[in-house]
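What follows is one structure encoded as structure tokens, with my remarks underneath.
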Amino acid sequence: MEELKGRNLVLGVSGGIAAYKAAELTRLLVKAGAQVDVVMTEAATRFVTPVTFQALSGRTVWTDLWDARIGNNMAHIDLTRGADGILIAPASADILAKLAHGFADDLLTTLCLARECALMVAPAMNRQMWEHPATRRNLAQLQADGVAIFGPGEGDQACGETGLGRMLEPEEVLEAVVAYFAPKLLVGRKVVITAGPTFEPIDPVRGITNTSSGKMGYALARACVRASAEVVLVSGPVSLPVPPGVRRVAVQSALQMRDAVLAEVPGAAVFIAVAAVADYRPAQTAEHKIKKSGEPMQLWLTPNPDILAEVAALPQPPFCVGFAAESRELDAYAAAKRAAKRVPLLVGNLVQDGLGGDDNEVVLYDDRGRHPLGRATKTELAWRIVEHLADLLAGGTQQE
Ligand code: PMT
């Protein structure tokens with residue numbers, strides 16, 4: 001999905017060891033569909049050469065306020081004409097100080113002063129520089145001036161210290177930029193999402209599970225963050241990283257998932273049940289590994305609680321979105337499931353389309369009828385589900 005298709009961005013790279021991350025960020029921004037004009041400070045060119053950014057952006061890289069290649073010799077104004085935003089990553093303590101005080105002593109700072117577009121910064125510096133009162137003051141000023149600040153993250157630093165000040169990873173910065181431009185469809189709303197399979201233990205080493213990868217649920221979590229929601233992802237065992245901006249609660253079994261969901265649902269505006277929850281669990285879990293006897297063995301199963309139905313039946317339920325995974329007769333089974341679980345919106349998919357892969361084909365069912373979304377990546381479908389959900393929350397005014 002080209003989330004930044006049609007966007008023109010100026011990527012400012014200031015001097016710092018994290019400048020190497022800006023190379024990967026350039027690649028990701030271009031892959032997401034943006035046109036990227038890279039502007040480097042003199043210090044940045046000490047860490048990475050302009051050639052790297054030229055190759056990755058496919059465009060001229062600018063470093064000099066006096067560059068004569070621009071027709072009117074006004075690089076400091078022309079580069080942001082028509083731009084949607086300037087993103088400075090990494091943003092050093094020095095450039096933050098200059099921006100806070102309106103300095104314009106090189107191409108990048110001059111562009112930032114002579115602009116009408118958005119300004120976003122991803123700070124990167126040593127922990128002590130980040131914590132210094134001067135940096136704190138500069139940050140507060142930039143925030144008051146409407147500058148978007150992404151990060152920084154916490155962790156090991158190039159100087160050997162540990163703490164706040166690391167530039168966010170390129171994927172996280174990309175996600176923040178996409179969210180910055182995305183419509184704030186769910187702003188102020190808490191969304192609880194379940195994702196992945198559950199694992200129902202038979203003994204300490206074995207259990208019953210399924211092949212849900214978690215990709216659909218994680219894509220929805222990312223889409224909800226993009227729409228500015230507060231997102232809690234109650235996730236069964238999957239091998240996916242926590243999406244930026246999401247609070248993940250990791251669980252194993254359906255009973256643990258139920259407890260986590262019921263603890264998170266108070267205060268939530270929306271509950272989206274994407275998880276492939278095991279309908280049954282072993283009636284008893286053996287304390288020790290079951291030994292092979294060579295004889296046939298019976299496993300007694302007992303039904304798991306239906307988390308979605310339970311949430312939908314709360315006295316003041318959040319807006320509930322269910323999923324239905326079927327292997328045939330999607331319309332009939334999905335409609336029956338929506339009625340049985342009493343949910344206003346149900347997303348139907350065939351297991352052969354949706355389980356495991358990066359793509360899916362889904363149909364939405366609500367009081368207005370059936371809305372096929374066709375085949376697309378899970379990322380793209382997730383955003384379209386969020387758009388549909390936001391429209392229903394707003395009273396369902398959107399024309400089909
Ligand atoms: O994870 P992926 O590989 O990306 O695959 C995505 C998916 C196919 C798992 C997903 O798109 C999907 O269809 N999820 C629902 C799977 C499922 O369990 O469907 P169901 O028809 O059995 O359940 C109906 C609904 O009730 C679901 O919202 C389910 O989360 C919920 N449920 C079911 C049983 C239970 N005990 N508690 C529940 O909350």
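- A donor-acceptor contact shorter than 3.5 Å is absent between the side chain of E24 and the backbone of K21.
- Annotation: cation-pi geometry satisfied between R136 and W130 (NZ/CZ under 6.0 angstrom from ring centroid, within 45° of ring axis).
- Using a 4.0 Å cut-off between charged side-chain N and carboxylate O, E154 and R127 make no salt bridge.
- Distance check, rounded to the nearest 0.5 Å: CG of L9 to CG of L11 gives 8.0 Å.
- Under the 4.5 Å side-chain heavy-atom criterion for grouping Ile, Leu, Val, Met, Phe, Trp and Tyr, L174 is connected to M120 within one hydrophobic cluster.
- With T135 contributing its side chain and M129 its backbone, the two residues share a donor-acceptor pair below 3.5 Å.
- Nearest heavy atoms, K378 versus G357: NZ-O, 2.7 Å.
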Verdict with supporting geometry, D367 and R338, salt bridge (charged side-chain N to carboxylate O under 4.0 Å, His left out): CA-CA 10 Å; D367 284 348; R338 187 170 94 86; 3.0 Å; yes
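- For the pair K190/V232, a side-chain contact is recorded, criterion being any heavy-atom separation below 4.5 Å from C-beta on.
- Between L119 and C112 the shortest side-chain heavy-atom distance falls below 4.5 Å.
- Side-chain contact check for I272 versus C224: some heavy-atom pair is nearer than 4.5 Å.
- Criterion: ILVMFWY side-chain heavy atoms under 4.5 Å apart, direct or through other members. Under it, V39 and F53 are not part of a common hydrophobic cluster.
- Side-chain atoms of N210 come within 3.5 Å of backbone N or O of A276 as a donor-acceptor pair.
- Remark: R384 does not engage E387 in a salt bridge, criterion side-chain N to carboxylate O under 4.0 Å.
- The distance from the CZ atom of F199 to the CZ atom of R281 is 14.5 Å, given to the nearest 0.5 Å.
- The cluster map of Ile, Leu, Val, Met, Phe, Trp and Tyr, joined by side-chain heavy atoms under 4.5 Å apart, puts L56 and V61 in different clusters.
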CA sep, side-chain torsions, deciding dist, call: D84, R7, salt bridge (charged side-chain N to carboxylate O under 4.0 Å, His left out): CA-CA 6 Å; D84 296 289; R7 297 275 177 206; 3.5 Å; yes
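- Across all their heavy atoms, V225 and G245 have their closest contact at CG2-O, 3.9 Å.
- L99 and V10 fall within a single hydrophobic cluster, where Ile, Leu, Val, Met, Phe, Trp and Tyr side chains are chained together by heavy-atom contacts under 4.5 Å.
- Contact check for M216 versus F323: side-chain heavy atoms found under the 4.5 Å cut-off.
- Salt bridge status for E175 with R226: present, with a side-chain N to carboxylate O gap under 4.0 Å.
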Intermediate values then yes/no, side-chain contact (heavy atoms from CB on, under 4.5 Å), K337 and L346: CA-CA 8 Å; K337 234 168 229 179; L346 189 120; 4.2 Å; yes
Verdict with reasoning, W383 to E3, per side-chain contact (heavy atoms from CB on, under 4.5 Å): CA-CA 10 Å; W383 181 254; E3 297 100 330; over 6 Å; no
Chi angles and distances behind the salt bridge (charged side-chain N to carboxylate O under 4.0 Å, His left out) call for R189, E230: CA-CA 6 Å; R189 301 192 198 259; E230 175 200 343; over 6 Å; no
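- Within the 4.5 Å cutoff, no side-chain heavy atoms of Y280 are placed close to those of N304.
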Going by atom type alone, with no hydrogens or angles, which donor-acceptor pairs under 3.5 Å involve a side-chain atom of residues 86-95 and a protein atom two or more places apart or on another chain?
from	atom 1	to	atom 2	distance (Å)
S92	OG	I95	N	3.2
D94	OD2	K98	NZ	3.4

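- Dense packing is recorded around CD of Q352, with more than 12 heavy atoms of other residues, nucleotides or ligands lying under 6.0 Å away.
- How far CG of L364 is from CG of L373: 4.0 Å, rounded to the nearest 0.5 Å.
- Here the closest non-hydrogen pair linking A268 and V192 is CB-CG2, 3.8 Å.
- Not a single donor-acceptor pair under 3.5 Å links the side chain of T52 to the backbone N or O of V48.
- Contact of the N349 side chain with the E361 side chain is not registered, since no non-hydrogen atoms from C-beta on lie closer than 4.5 Å.
- The two atoms that bring L168 and G153 nearest to each other are CD2-N, 3.8 Å, heavy atoms only.
- By the 4.0 Å N-to-carboxylate-O rule, K31 lies too far from E2 to be salt-bridged with it.
- Side-chain N or O atoms of D366 include none that pairs as donor or acceptor with a backbone N or O of L345 at under 3.5 Å.
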Intermediate values then yes/no, salt bridge (charged side-chain N to carboxylate O under 4.0 Å, His left out), R81 and E116: CA-CA 8 Å; R81 278 209 179 123; E116 284 176 339; over 6 Å; no
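- A salt bridge does not link D203 with K289: none of the charged nitrogens is closer than 4.0 Å to a carboxylate oxygen.
- Heavy atoms of other residues, nucleotides or ligands lying less than 6.0 angstrom from CZ of F103 number 12 at most.
- The structure places CD of Q252 at 9.5 Å from CD of E200, a figure rounded to the nearest 0.5 Å.
- Between the side chain of T80 and the backbone N or O of L111 there is no donor-acceptor pair closer than 3.5 Å.
- With T285 contributing its side chain and I202 its backbone, the two residues share no donor-acceptor pair below 3.5 Å.
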Worked check of side-chain contact (heavy atoms from CB on, under 4.5 Å) between R375 and D353: CA-CA 9 Å; R375 187 159 197 94; D353 288 330; 3.4 Å; yes
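- Within the 4.5 Å cutoff, no side-chain heavy atoms of R59 are placed close to those of Q54.
- A salt bridge links K215 to D358: at least one charged side-chain nitrogen sits closer than 4.0 Å to a carboxylate oxygen.
- Smallest separation of non-hydrogen atoms from S213 and V238: O-CG1, 3.3 Å.
- Within the 3.5 Å criterion, the main-chain N or O of T162 finds no donor-acceptor partner in the side chain of D156.
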side-chain contact (heavy atoms from CB on, under 4.5 Å) between V191 and I193, intermediate numbers included: CA-CA 6 Å; V191 179; I193 301 173; 3.8 Å; yes
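- For T26 (side chain) and S57 (main-chain N/O), no donor-acceptor pair under 3.5 Å exists by modelled atom type.
- Salt-bridge annotation for D306 and K341: present, with a side-chain N of the basic residue lying under 4.0 Å from a carboxylate O of the acidic one.
- When side chains are defined from C-beta on, D359 does not count as touching L381, because their heavy atoms never get closer than 4.5 Å.
- The OG1 atom of T379 lies 11.5 Å from the CG atom of N360; values are rounded to the nearest 0.5 Å.
- To the nearest 0.5 Å, the span separating CG on L164 from CD on E131 amounts to 7.0 Å.
- At distances below 3.5 Å, not a single donor-acceptor pair connects side-chain atoms of R248 with backbone N or O atoms of A250.
- Note on V347: it does not cluster hydrophobically with L330, by side-chain heavy-atom contacts below 4.5 Å among ILVMFWY residues.
- When all heavy atoms of C320 and P344 are compared, the closest pair comes out as O-CD, 3.2 Å.
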